[in-house]
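One structure below.
Remember, predicted model here, so these are calculated numbers, not experimental data.
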Amino acid sequence: MDHLDHLEHLDKHLVEELAQVARETVRDELREQGRKQRRTAVLYAASGAVALYAGGALALALGLGLAVGLPGWAAALITAAILGVLAYVLRGAAHPRHPHGAGPGAGGPPGIDPEGPHHRA
């Protein structure tokens, strides 16, 4: 019986060692994935910030171009109106109400109501 007790102790020890190795491997893999994802997120954020400044410079150029033939306030107002229309169109493209040639609810992901969660038919 002593021999069986010794084998049982070895089995428990082996299982504990295998579990520890598995935990360390998974922890290292998750840490490495986290580093890669952080780097990607930082690059996307930097890209967005640069794009925002580029858009601002483009709007400024549009306003200054219009200001050549118009008063400054009118050029700024027209630029703001153009940007507002562009924002509205982009928002509509991101969340279409009714896709062309389809009834309500068609064209979106299954199980998601395009009218929103509180819409009643």
State the CZ-CG distance between R23 and D28, to the nearest 0.5 angstrom. 13.0 Å
Carboxylate-amine/guanidinium proximity below 4.0 Å for E32 and R35: yes
Cluster overlap L64 with I82, hydrophobic side-chain contacts below 4.5 Å: no
I'd like to know if L62 and L70 are part of one continuous hydrophobic network [Ile/Leu/Val/Met/Phe/Trp/Tyr, side-chain heavy atoms within less than 4.5 Å]. yes
Okay, side chain of T79, backbone of A75: is any donor-acceptor separation there less than 3.5 Å? yes
So CZ of R31 and CD of E24: to nearest 0.5 Å the spacing works out to 10.0 Å
Between the CD atom in Q37 and the OG1 atom in T40, the distance rounded to the nearest 0.5 Å is 7.5 Å
Between the CH2 atom in W73 and the CD1 atom in I78, the distance rounded to the nearest 0.5 Å is 8.5 Å
